[in-house]
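Since the structure comes first, as structure tokens, the remarks are kept for the end.
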Amino acid sequence: MSAYAALSVQELHVSLSGAAILDGISLELMPGERLALLGESGSGKSMTALAALGLLPSYAQVAGKVAVNGHDVTHEPALSRPGPARPAMVMQDTLAALNPLATIGYQLIQPLRRNGLGRVAARVGACDLIERVGLRDPEQILSRCSPQLSGGQRQRICIAMALACKAPVIIADEPTSALDVITQAQILRLLRDVTTAPGGPALLFITHDLHAAAHLCDDALIIDGGRVVEAAPMQRIVTAPQHAHTRRLIDSAARCGIACERLYA
Ligand SMILES: Nc1ncnc2c1ncn2[C@@H]1O[C@H](COP(=O)(O)OP(=O)(O)OP(=O)(O)O)[C@@H](O)[C@H]1O
């Protein structure tokens, strides 16, 4: 296991056009760990993800530290980072995440070639990845373009691409919100499986869905107004929330009929 945190964020402050957006966010994820980042709309979840990915607007004022896999990348935009310091992103909108005009094969084989595999080995590797994310008939999938796949199949391909890139950490921003409940459960299980596998990436799981977070993650960070208000094991967040804001999140999930504490009963 790497001695470095897959993702370490320390006292991160981000301002945009003079407005404070993140106010001292800290988190640490070791390889294979799964952390849920929870908070209301506008609390700063996506901004935290963009900082980790190196995708903040160029005019953002940034203080604090972001390190990926031991590399200090606080002021490094995504494309100037070395490969091992690039998190992978799994988004809600898989049609936007994948190039609709290139085959899945092209998009999956490229990162494997960049990681040093020859043409044939990369194709075999792409087929292996497609099977690993639970899709059948890999050759046929390789020949298709993203609009020819279902939403669940596309999300599996996005996870396969994260694995192809050997990303140390996957940042998943509401990855299951656009899917039906059965496919949601399958994708959550897949994210659990790929992060649990030996040498698997860490996962920063950004969501409003407390139930999904409780199923998938070991720990949770609750943010409000760009600040961490509570950080604790997921079980404690659900069964004994300390902060008023966390209690509100749990209560509103309960009002929607989602009794997360049953998961830990
Ligand atoms: N480009 C921008 N310029 C100025 N403010 C921005 C910009 N993008 C986002 N914000 C503000 O930053 C704050 C945090 O936004 P962020 O997108 O991180 O929230 P979020 O928790 O991800 O919300 P949601 O769950 O709705 O996606 C919000 O107040 C938002 O209005």
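Atoms within a ligand are numbered from 1 in the order they appear, just like the ligands themselves.
Each of the following atoms of ligand 1 lies closer than 4.0 Å to a heavy atom of Met47: 7 (C), 8 (N), 9 (C), 10 (N), 18 (O). Counting atoms of ligand 1 from 1 in the listed order, those under 4.0 Å from a heavy atom of Glu40 are 21 (O). Taking a cut-off of under 4.0 Å to the non-hydrogen atoms of Ile21, the atoms of ligand 1 that pass are 5 (N), 11 (C), 12 (O), 13 (C), 14 (C). Against a heavy-atom cut-off of under 4.0 Å, His208 is close to the following atoms of ligand 1: 25 (O).
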Verdict with reasoning, Glu174 to Thr207, per side-chain contact (heavy atoms from CB on, under 4.5 Å):
CA-CA 5 Å; Glu174 298 284 356; Thr207 187; 3.6 Å; yes
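Here the CD1 atom belonging to Ile21 is positioned 4.5 Å from the CG atom belonging to Leu16, to the nearest 0.5 angstrom.
Taking atom 27 (O) of ligand 1 as the reference point, the nearest protein heavy-atom neighbour is Ser46 OG, 3.8 Å. Ranking the protein heavy atoms by distance from atom 2 (C) of ligand 1 puts Leu16 CD1, 3.4 Å first. Given atom 1 (N) of ligand 1, the protein heavy atom at minimum distance is Tyr59 OH, 3.6 Å. With hydrogens left out, the protein atom closest to atom 14 (C) of ligand 1 is Gly42 O, 3.5 Å, a heavy atom. Here the heavy atom of the protein found nearest to atom 24 (P) of ligand 1 is Ser41 OG, 3.7 Å.
Using modelled atom types and a 3.5 Å distance limit, the side chains of Arg114 and Gln110 yield no donor-acceptor pair. For the residue pair Gln186 / Arg156, a side-chain donor-acceptor distance below 3.5 Å is found, with atom types taken as modelled. Under 3.5 Å, the side chains of Asp173 and Ser46 contain a donor-acceptor pair of N or O atoms. With 3.5 Å as the limit, one finds a donor-acceptor pair spanning the side chains of Asp72 and Thr74. Glu76 and Ser80 share a donor-acceptor pair across their side chains, judged by distance under 3.5 Å alone.
There is no protein heavy atom less than 4.0 angstrom from atom 31 (O) of ligand 1. At a distance under 4.0 Å, a protein heavy atom can be found next to atom 7 (C) of ligand 1.
Under a 4.0 angstrom heavy-atom cut-off, Gly44 registers as being in contact with ligand 1.
Annotation: Arg81, atom CZ; neighbour count of heavy atoms from other residues, nucleotides and ligands within 6.0 Å is above 12.
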